[in-house]
S.K.: 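Dropping a structure here in structure tokens format, bear with me for questions.
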2 protein chains.
Amino acid sequence: MMADLNAETRNRISESTIRRLSLYFRALSFLEGDEHETVSSKELAKSEKLTPAQVRKDLSFFGSFGTRGLGYPVTELRDKIARILGIDRVWRVALIGVGNIGSALVSYKEFIKQGFHIVKLFDNDQRKIGSNHKGIIVSDIKDLVKELKDDSIEIVVIAVPATVAQYLVDDVVKAGVKAILNFAPLNLRVPDDVHVRNENMAMELEYLSFAMVNDHPPRRPK
Amino acid sequence: MMADLNAETRNRISESTIRRLSLYFRALSFLEGDEHETVSSKELAKSEKLTPAQVRKDLSFFGSFGTRGLGYPVTELRDKIARILGIDRVWRVALIGVGNIGSALVSYKEFIKQGFHIVKLFDNDQRKIGSNHKGIIVSDIKDLVKELKDDSIEIVVIAVPATVAQYLVDDVVKAGVKAILNFAPLNLRVPDDVHVRNENMAMELEYLSFAMVNDHPPRRPK
DNA sequence: ATCTTCTTGTGAAGCATTTCACATAGGTTC
DNA sequence: GAACCTATGTGAAATGCTTCACAAGAAGAT
Ligand SMILES: NC(=O)c1ccc[n+]([C@@H]2O[C@H](COP(=O)([O-])OP(=O)(O)OC[C@H]3O[C@@H](n4cnc5c(N)ncnc54)[C@H](O)[C@@H]3O)[C@@H](O)[C@H]2O)c1
Ligand SMILES: NC(=O)c1ccc[n+]([C@@H]2O[C@H](COP(=O)([O-])OP(=O)(O)OC[C@H]3O[C@@H](n4cnc5c(N)ncnc54)[C@H](O)[C@@H]3O)[C@@H](O)[C@H]2O)c1
């Protein structure tokens with residue numbers, strides 16, 4: 001039901017809803033292992049500390065996937081959410097900066113399972129260029145624009161020092177890439193049609209710090 | 001002005017405000033390098049793609065730090081925010097799981113600069129126990145509770161496989177730790193007085209994926 | 001001293017998101 | 001096949017967050 005969204009509906013969907021879809025997807029993937037055939041909004045909510053109403057409302061933006069009196073079919077709902085999130089296909093990902101964080105990401109197997117295939121690595125360190133990481137040869141950063149284009153890269157992960165990140169991102173944008181996952185602690189400037197998500201670990205630690213000095217009880221739904 | 005917050009004020013402060021304080025802190029740290037003595041809410045907003053009103057409102061929850069007609073004194077505001085966030089002190093951090101992600105975190109120098117000192121590492125791999133990472137000897141996980149207590153650890157970073165994370169977190173909670181930064185992709189169950197923040201990279205990639213398949217323009221303030 | 005200019009600090013308005021509450025509909029039982 | 005049970009789907013209410021708009025305060029100029 002409701003395969004594609006029109007522009008109007010699409011823009012009503014909040015960032016939080018999308019983030020929760022990721023959580024539902026993860027929870028459903030867990031349940032699939034079990035013998036669970038169906039799951040209720042109540043159970044789904046409990047596993048991610050949300051409210052049942054929230055789960056139902058989120059899903060209702062995209063269609064009606066459940067059966068009244070029964071709940072949602074686990075596998076089917078998982079697949080529908082995968083489709084909505086666009087992870088029912090392969091995404092070609094390149095990673096720039098094969099340092100501490102970069103190496104950790106290349107070795108991470110879960111990304112492949114979700115369709116995120118890291119197919120290209122870039123660095124400017126002569127010792128790293130040409131070396132093999134999990135079957136991928138590190139490319140020279142000087143060929144960045146050409147190789148991103150030639151390889152039809154769709155998502156770029158930035159794992160270089162903040163000082164060079166903006167400069168490299170300008171090239172990434174030139175290569176026509178529309179999605180960037182950024183680990184460098186700075187606000188990247190990109191055109192309006194390029195999507196950027198930031199991974200900011202310092203921010204999360206600072207949040208914990210704030211919570212502790214203020215003895216702030218964690219926010220939870222009832 | 002307004003050194004400590006009473007319980008009532010504290011709970012009015014939203015998560016988003018705290019997260020933005022981190023951004024302001026980062027932006028101010030940058031500006032400090034420059035010859036900037038003061039900064040206006042407009043400039044601060046621009047550097048993190050927010051609105052000036054948002055900046056002023058966020059800061060106003062904690063006091064009035066600016067001078068009308070002039071703006072905010074960079075160094076002073078930076079210090080005030082550090083105080084609010086609780087990063088004007090040292091936090092004793094332990095990291096569990098010295099694998100791909102764990103190793104990357106230990107090598108990261110920015111955390112120390114913000115007062116987050118990783119002073120303890122744990123693993124259950126005999127080859128890793130006793131080895132030296134950036135001057136820290138990896139401890140055996142079997143001594144977890146005792147060592148967390150003895151070393152007065154305040155924040156624990158979870159960088160182990162999801163399958164064992166909950167089990168280890170139960171011990172972390174037993175040791176009296178009240179703040180956890182979790183990299184494992186699951187929802188940890190902890191008592192109400194323990195704060196958990198999740199670092200979920202898959203979620204960010206999925207958001208990018210959704211944005212692209214829906215050609216969703218990135219949300220930005222005007 | 002007064003006037004001008006600039007930017008803060010903040011109630012109030014405007015939006016957005018979450019929660020409520022219940023009509024509705026599918027499944028199950030007798 | 002009727003009655004009952006259960007959990008969805010969804011307008012409407014409640015809550016929360018952001019933006020507006022302007023009074024007021026501070027610095028510098030005249
Ligand atoms: N390590 C962490 O735990 C951590 C945590 C949070 C954020 N970060 C951020 O992630 C980024 C990477 O951190 P890291 O610890 O992996 O650093 P790193 O120094 O280990 O790795 C950076 C890599 O980028 C490469 N590089 C530098 N300049 C380049 C250029 N012009 N072109 C191509 N490659 C270039 C270097 O050769 C190196 O391999 C930094 O911005 C850092 O602030 C790291
Ligand atoms: N590597 C990544 O890029 C990445 C990205 C996102 C999330 N994560 C998550 O971070 C976590 C760690 O990932 P990783 O890639 O570093 O894995 P890894 O296998 O490289 O490291 C895990 C470490 O935990 C240790 N460990 C296992 N069981 C333990 C136990 N019972 N007690 C103590 N130590 C134990 C292992 O010995 C190993 O050193 C996982 O939950 C993973 O899903 C990793």
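Numbered from 1 within each chain, the chains take letters A, B, ... in sequence-line order. For the numbers below, each heavy atom of this structure counts, side chains included, while hydrogens, waters and symmetry mates do not.
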S.K.: Rounded at 0.5 Å granularity, tell me how far CD1 in B:Ile155 sits from CE in A:Met212.
M.R.: 4.0 Å
S.K.: Is there a side-chain contact between A:Phe122 and A:Lys120 in this structure, where contact means two heavy atoms from C-beta onward sitting under 4.5 Å apart?
M.R.: yes
S.K.: Indicate whether OP1 or OP2 belonging to C:dT19 is found under 4.0 Å from a side-chain N or O atom of A:Thr51.
M.R.: yes
S.K.: So what is the 5' to 3' dot-bracket string for DNA chain C, if pairs are Watson-Crick or G-U wobble with both distances under 3.5 Å, crossing pairs use [ ] and | means the partner sits on another strand?
M.R.: ||||||||||||||||||||||||||||||
S.K.: Check the distance between D:dG11's P and A:Lys57's NZ and give it to me in whole angstrom.
M.R.: 7 Å
S.K.: Among C:dT17, C:dG26, D:dG9, which nucleotide has an atom closest to any side-chain atom of A:Ser60?
M.R.: D:dG9
S.K.: Over how many whole Å does the gap from A:Phe62 atom CZ to D:dT10 atom C1' extend?
M.R.: 16 Å
S.K.: Indicate, with a heavy-atom threshold strictly under 4.0 Å, whether B:Ser41 touches base, sugar-phosphate, or nothing.
M.R.: sugar-phosphate
S.K.: Would you mind reading off the distance between A:Glu15 atom CD and D:dT18 atom C1', rounded to a whole angstrom?
M.R.: 15 Å
S.K.: Assign A:Lys42 to base, sugar-phosphate, or nothing according to its heavy-atom contacts below 4.0 angstrom with the strands shown.
M.R.: nothing
S.K.: If I take atom CZ in residue A:Phe65 and atom P in nucleotide C:dG26, what distance separates them, rounded to the nearest angstrom?
M.R.: 17 Å
S.K.: Taking atom types as they are modelled, is there a donor-acceptor pair under 3.5 Å from the base of C:dT7 to the side chain of B:Arg68?
M.R.: no
S.K.: Reading DNA chain C from 5' onward, which residue's closest nucleotide shows up sooner: A:Leu70 or A:Ala53?
M.R.: A:Ala53
S.K.: Would you confirm whether B:Thr38, through its side chain, and B:Tyr72, through its main-chain N or O, come within 3.5 Å as a donor-acceptor pair?
M.R.: no
S.K.: Quick check on C:dT18: is either OP1 or OP2 less than 4.0 Å from any side-chain nitrogen or oxygen of A:Arg20?
M.R.: yes
S.K.: Between A:Ser29 and A:Phe25 (side chain of the first, backbone of the second, donor and acceptor by atom type, cut-off under 3.5 Å), is there such a pair?
M.R.: yes
S.K.: For A:Gln54 and C:dT17, is the shortest distance between a side-chain N/O and OP1 or OP2 below 4.0 Å?
M.R.: no
S.K.: Rounding to an integer number of Å, can you tell me how far B:Tyr72 OH sits from C:dG9 C1'?
M.R.: 7 Å
S.K.: Could you tell me the separation between the CZ atom of A:Arg56 and the C1' atom of D:dA12, rounded to a whole number of Å?
M.R.: 15 Å
S.K.: For A:Phe210 and A:Tyr207, take the angle between the two ring planes, folded into 0 to 90°, and tell me which bin it lands in: parallel under 30, tilted 30 to 60, perpendicular over 60.
M.R.: tilted
S.K.: Rounded to whole angstrom units, what separation is found between the CD atom of A:Glu37 and the C1' atom of C:dG26?
M.R.: 17 Å
S.K.: Return the NZ to NE2 distance between A:Lys178 and A:His195, rounded to the nearest 0.5 Å.
M.R.: 8.5 Å
S.K.: For A:Glu110, look at atom CD and say whether over 12 heavy atoms of other residues, nucleotides or ligands are found less than 6.0 Å away.
M.R.: yes
S.K.: Is A:Arg26 paired with A:Glu48 through a side-chain N to carboxylate O contact shorter than 4.0 Å?
M.R.: yes
S.K.: Here's a test of your reading of the structure: between A:Gly71 and B:Thr17, which maps to the more 5' nucleotide of DNA chain D?
M.R.: A:Gly71
S.K.: Map A:Gly69 and A:Leu59 onto DNA chain D by nearest heavy atom, then report which one ends up closer to the 5' terminus.
M.R.: A:Gly69
S.K.: Within this structure, what is the CZ-to-P distance between B:Phe61 and D:dT19, rounded to whole angstrom?
M.R.: 12 Å
